[in-house]
Participant: 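Quick one: the structure is below, questions incoming.
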Amino acid sequence: MNPPRSEGFVRMPDAEFEAILTRAAEEGAKRALADVGLDGDEAALDIRDLRSLVDCIRLVRRTAVQTAVHLITTGVLLALLAGIALKLKIFGGSP
């Protein structure tokens, strides 16, 4: 039996339409995961490893920025101290 047609459209019950959409979404998701190599028994472990790797990259980035700020701050303070020392002739500057 064919579904009823109305002006070129196919009519079907909402429950059947939802079931078709759900099945299509599941198959599409499985195909997308397979395309990127995240299918099979090890997929969950692979995703956990990827998340761990991303967390490590974020930690390294944050640490690098903090280190750069510390180095710049230390350099500025040393330059200020050297300027003060020269101005006050602390290291036996010429008269």
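Just so you know, these numbers use all the heavy atoms, side chains as well, and skip hydrogens, waters and symmetry mates.
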Participant: Heavy atoms only: give me the nearest Thr73-Val69 pair and the separation to one decimal.
Facilitator: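 Smallest heavy-atom distance, with atoms named: OG1-O, 2.8 Å.
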Participant: CG/Leu77 to CD1/Ile72 distance, rounded to the nearest 0.5 angstrom?
Facilitator: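 Separation between the atoms: 12.0 Å.
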Participant: About how many Å separate CG of Leu38 and CG of Leu45, when rounded to the nearest 0.5 Å?
Facilitator: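 Reported to 0.5 Å precision, the distance equals 11.0 Å.
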Participant: Return yes if some donor-acceptor pair links the side-chain N/O of Ser52 with the main-chain N/O of Arg48 below 3.5 Å, else return no.
Facilitator: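 Absent.
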Participant: So with a 6.0 Å cut-off around CG of Asp55, is the heavy-atom count from everything else above 12?
Facilitator: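 For Asp55, atom CG is crowded (more than 12 foreign heavy atoms under 6.0 Å).
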Participant: Distance check, rounded to the nearest 0.5 Å: Asp46 atom CG versus Leu33 atom CG?
Facilitator: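 So the gap between those two atoms works out to 11.0 Å.
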Participant: With rounding to the nearest 0.5 Å, note down the distance linking CG in Leu80 to NZ in Lys87.
Facilitator: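 Reported to 0.5 Å precision, the distance equals 14.0 Å.
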Participant: Would you say Ile47 ends up clustered with Leu53 if hydrophobic residues are merged whenever their side chains have heavy atoms under 4.5 Å apart, either directly or through other cluster members?
Facilitator: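 Looking at the clustering, Ile47 is in a separate group from Leu53.
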Participant: Give me the atom names and distance for the closest heavy-atom approach of Asp39 to Ala34.
Facilitator: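 Reported closest heavy-atom pair: OD2-CB, 3.6 Å.
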